[in-house]
Each structure stands twice: as structure tokens, then as C-alpha cells.
Amino acid sequence: MLPPPTPSSRPRQRLAPRLRAGVHAAALAVAPPEVNVHDRQLVDRCLAGDASAWDEVVRLHSRRIYNLCYRFTGRPQDAEDLAQEAFIRLYRNLAAYRAEVGSLATWLTTLTRNLLIDHYRRSKPDRLTDPLETAGAEGEAVPLPLPAPGRPADQAVWGREVREQVQRALLRMSPELREAVILRDLQDLDYKEIAAVLRLPEGTVKSRINRGRIELARLLRPALGLTESNA
Amino acid sequence: MSTPMWSCAQFEAALSDYREGTLAAADQALARQHLVSCPACTGLAASMASAMEQLAALPQLEPPKGLVSAILAQTLPAHRRPARAAAGFWGALVTPRFALGLAMSVFVVALLLNAAQVNLRQVSLSQLSPASLTDVLSRRIDRAWARGVSFYRDLRVVYEIEAAVHQMSQPSSAPPAPAPGRDHTQRQHARAAGAQLALESPAVGPSQLWRTP
């Protein structure tokens with residue numbers, strides 16, 4: 001259990017210098033202040049000690065953050081732990097939120113993304129000994145037999161196997177490309193929001209998303225029964 | 001003047017924009033022109049379309065049920081948690097599993113107190129001392145065991161079955177003389193003889209026979 005966040009407990013400049021210098025500056029040009037009025041009010045209520053406001057924040061964003069963590073790590077337990085950690089960090093730094101700089105969702109996504117990258121670096125030794133990762137490094141993708149038409153059970157099994165292959169393919173991508181594709185194609189963030197989260201120029205973000213999609217397509221080709229020349 | 005053609009690298013770099021239709025009109029035409037002339041890039045574009053279709057089909061997963069409660073428990077102090085979160089703890093107490101566990105605990109404690117002959121209305125510290133409890137429990141166990149053994153031995157059917165088995169294992173009418181020094185065999189012969197006698201004279205009870213030394 002953490003001490004409640006207080007607006008005046010610490011100076012804002014010392015709370016999140018990275019956020020202030022990076023995310024907030026990047027998001028400044030993209031987020032109209034009027035969009036974040038509700039976020040500002042919600043955070044103010046949290047800081048005033050309104051537990052139901054914090055409850056609302058958690059319930060509003062927990063599903064999206066859990067999905068982000070799961071798609072990035074591929075492990076439910078890690079996703080749960082990281083999602084918890086992300087909200088704890090958010091709670092600790094609520095006083096540093098500036099609505100004029102960006103939405104609460106973007107800020108929370110940034111915190112989560114930082115945690116995911118830290119986790120990725122920390123778990124490197126585990127990945128080297130993980131059979132799934134080893135198989136991925138060797139480029140093994142099993143072609144999936146197409147489902148028999150008119151048989152829903154076959155189609156359901158095929159669909160599940162494809163989803164597993166897609167998740168595996170995501171895990172085989174570099175973290176830079178993976179996060180870009182997840183944020184764009186699974187979290188439905190626009191380029192500007194992704195640029196704010198990743199603290200990158202928009203052009204770099206677009207390039208990464210494009211390269212990530214191409215990488216994913218190449219990884220999934222065998223599983224989907226596609227070759228380089230068939231259309 | 002002929003229009004310059006795009007290379008595969010140029011097409012790849014613009015593939016997402018081409019798919020999303022965000023290229024300038026001239027670039028869109030160049031991309032289309034390259035696609036017509038390049039089977040490899042046509043295959044790549046088809047693969048990307050298929051991969052993105054599968055990516056879009058990935059479901060939104062439901063987070064674990066305890067995630068929100070765990071986050072609230074680790075952030076808000078207990079007295080500031082909203083009623084919904086607080087209900088999680090009390091809600092867990094009224095689950096069937098907890099109720100059954102509580103009932104079983106009460107039952108076991110009552111059973112043990114009864115076995116130890118502890119009267120809760122007139123309980124004294126001396127009754128609850130380990131030595132006293134052990135002594136009482138030991139006596140009750142011994143008594144129950146003795147009763148059980150006695151009951152079993154007094155069952156006529158047990159005695160008859162044993163007698164019949166013994167008779168089947170001894171074809172001759174006269175039992176062989178027991179070997180000297182083998183008490184167990186001697187006892188078996190004595191039991192068989194007693195069983196034979198009991199069958200012939202029902203006035204003698206089986207318990208009396210069994211208690212014959």
C-alpha cells in the first residue's frame with residue numbers, strides 16, 4: 001500500500017523529469033488542452049483523496065494496459081505484474097500530470113512502455129534459454145492446414161492456431177518494431193500519440209511501423225501458406 | 001519524357017502509406033505501377049494485407065479478475081478504498097468454500113473437545129493442560145479400541161467363518177498335535193476345538209470360547 005498522492009508533497013519538477021522533458025514536450029503540440037479536461041478533473045479528484053476517482057481511472061485503463069503488456073511479453077503473469085506496476089507508478093506520480101501536455105491515457109501508456117522495455121532488458125537471459133524464443137530465432141514457422149469449409153470446429157481451431165502464430169511472430173520481432181506495431185495496430189493509437197509515447201519524431205514512428213508490418217508479414221508467410229510470389 | 005519507375009526498396013518504404021492510401025497521387029500511381037511489374041512486391045503486399053488482417057483479428061483479452069483489486073489494494077489505504085473494492089474482501093468471506101471450511105473447523109474443534117471431555121461451561125486450566133488432555137484422550141481411545149475388539153470377537157458370523165475356514169484347511173477330523181514351543185499354532189488349535197464345541201453346543205457363547213486361554 002502506498003501513501004496517498006498529494007499535490008504539494010513534492011515539487012513537480014522533481015517528480016518526473018523524464019516525462020516532463022520527453023513525453024510531455026512531444027505531446028504538447030498534439031494534444032489540444034480541451035481534450036483532457038476530464039482527465040484533469042479525474043486526477044484532481046484523485047489528488048483530493050477521492051478513492052472512487054482512482055477506482056475509475058484503474059477500471060477505465062486496466063484492460064487496455066493489460067493487453068498492451070500481454071501482447072508485448074506474451075506471458076499472462078508478466079502482463080499482470082507489469083500492469084500492476086504501471087498503475088502503481090501512475091499513482092505515485094499523479095501530482096506530475098499536466099493535462100495541457102497530453103492525455104492521461106498517453107501518459108499511462110508511456111509509463112507502461114518504459115516498464116516493458118525495462119522488463120525486456122531484464123529478461124534477456126531468460127529469453128536466450130527459452131525454447132519458444134530459440135525456435136523463433138531459427139525462423140521455424142509451421143504452415144497451418146487450411147480449415148475444411150463448412151466445419152466451424154475446424155475453423156475455430158485454425159483461428160486459434162493463427163492467433164498463436166501471430167503472437168509468436170510479434171515476440172520474434174525486435175522490441176522497437178514490436179512496440180510500434182502493437183501501439184498502432186492493436187492499441188489504435190495514431191502516429192502523433194505513438195510519437196509522444198515513444199518520444200520519437202513522427203517520421204521515425206511511421207518508418208518503424210512500416211518495417212514492423214513488413215517483418216510481421218514475412219514471419220507469418222509460412223504459417224499463412226503464402227510465398228513471396230503468390231498474391 | 002518517361003516517368004521514373006520505383007525500385008523495390010522505394011515501394012517497401014511506402015507500403016504502409018500505399019495500403020492506407022495516404023500517399024500523394026503521383027506516388028500512389030508509381031506504387032501501383034511498380035506492383036504490376038514486380039511479383040515479389042505483389043507477394044509482399046499480399047502478405048502484409050493478410051498479416052494485418054490476422055493482427056486486427058486478435059481479440060482484446062480480459063484482464064485477470066483480481067487485477068483491479070490488486071492495484072487498488074497496493075495503492076489506496078484500506079479506509080479509502082471504494083465500497084466495491086472493499087466488498088472484495090468481505091465477499092470472499094461469504095463464499096461457500098469459506099463457509100464450509102469454517103463449519104468443518106468448528107466441527108473438528110467440537111469433536112476434539114468432546115473427546116477430551118472438556119465442558120466449556122465449567123472449563124478449568126488444569127483440564128486444558130497437555131498432560132491432562134493426553135491422558136483423557138488416551139483413556140478414551142483405549143476404551144473405544146477395547147470395545148471395538150470385543151464387539152468384533154463377539155460376532156457370531158466372524159467366529160463361524162473362521163471355524164469353517166479352519167475346518168477346510170484341516171481335512172482330518174483330529175487336529176495334528178501342535179509342535180512344541182509354537183504358541184501361535186497352539187492357540188489356533190484351541191480356537192478350532194472351541195469352535196467345534198460351540199457348533200455342537202450352542203449354550204456356550206462365542207465370547208466365552210474366544211476368551212479361553
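Order of the sequence lines fixes the chain letters, A, B, ..., with proteins taken first and strands second; residue numbering starts at 1 for each chain. Any value given below was found using the heavy atoms of this structure, including those in side chains, with hydrogens, waters and symmetry copies removed.
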Non-hydrogen atoms of chain B under 4.5 Å away: do they reach the side chain of [X], the backbone, both or neither?
X      : answer
A/R160 : neither
A/I182 : neither
A/R71  : side chain

Subject >> Heavy-atom proximity to chain A below 4.5 Å, by part of B/E20 >> reply: side chain
Subject >> Residue part contacting chain A, namely of B/A49, when any heavy atom lies under 4.5 Å >> reply: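 Neither part.
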Could you report the tightest heavy-atom contact between [X] and [Y], atom names first, then the distance?
X     : Y      : value
A/A83 : B/I71  : O-CD1, 4.5 Å
A/E80 : B/P64  : OE1-CG, 3.5 Å
B/Q60 : A/L186 : NE2-O, 4.1 Å
B/A51 : A/A217 : CB-CA, 3.8 Å
B/E12 : A/N210 : O-ND2, 2.7 Å

**OP:** Apply side-chain contact (heavy atoms from CB on, under 4.5 Å) to A/Q84 and B/L67, showing your working.
**Re:** CA-CA 7 Å; A/Q84 278 189 40; B/L67 179 63; 3.6 Å; yes
**OP:** Applying side-chain contact (heavy atoms from CB on, under 4.5 Å), name anything that partners B/V106, two or more places apart in sequence or on another chain.
**Re:**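 Not a single residue meets the side-chain contact (heavy atoms from CB on, under 4.5 Å) criterion with B/V106.
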Original post:
Which of residues 130-139 of chain B get closer than 4.5 angstrom to chain A, counting heavy atoms alone?
Top reply: none
What's the separation between atom [atom1] in [X] and atom [atom2] in [Y], rounded to the nearest 0.5 Å?
X      : Y      : atom1 : atom2 : result
B/S16  : A/R184 : OG    : CZ    : 9.0 Å
A/L220 : B/S50  : CG    : OG    : 7.5 Å
B/L55  : A/R163 : CG    : CZ    : 13.0 Å
B/D17  : A/K206 : CG    : NZ    : 4.5 Å

Subject >> Criterion side-chain contact (heavy atoms from CB on, under 4.5 Å) on B/T75 and A/F87, from CA distance to verdict >> reply: CA-CA 8 Å; B/T75 47; A/F87 278 98; 5.7 Å; no
Original post:
In terms of heavy-atom pairs under 4.5 Å, which option from A/I209, A/D185, A/I214, A/L216 contacts chain B the most?
Top reply: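 Among the listed options, the one with the most contacts to chain B is A/I214.
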Subject >> Residues A/R218, B/L44; criterion side-chain contact (heavy atoms from CB on, under 4.5 Å); working and verdict >> reply: CA-CA 8 Å; A/R218 286 186 170 138; B/L44 179 63; 4.1 Å; yes
Original post:
With sequence neighbours excluded, what pairs up with A/T109 under the side-chain hydrogen bond (donor to acceptor under 3.5 Å, both in side chains) test?
Top reply: A/R64
Original post:
Applying ring pair (Phe, Tyr, Trp, His ring centres under 6.0 Å), which residue pairs with at least one partner in residues 26-63 of chain B are found, sequence neighbours left out?
Top reply: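 For residues 26-63 of chain B, and leaving out neighbouring residues, the ring pair (Phe, Tyr, Trp, His ring centres under 6.0 Å) pairs sorted by first residue read B/F11-B/H34.
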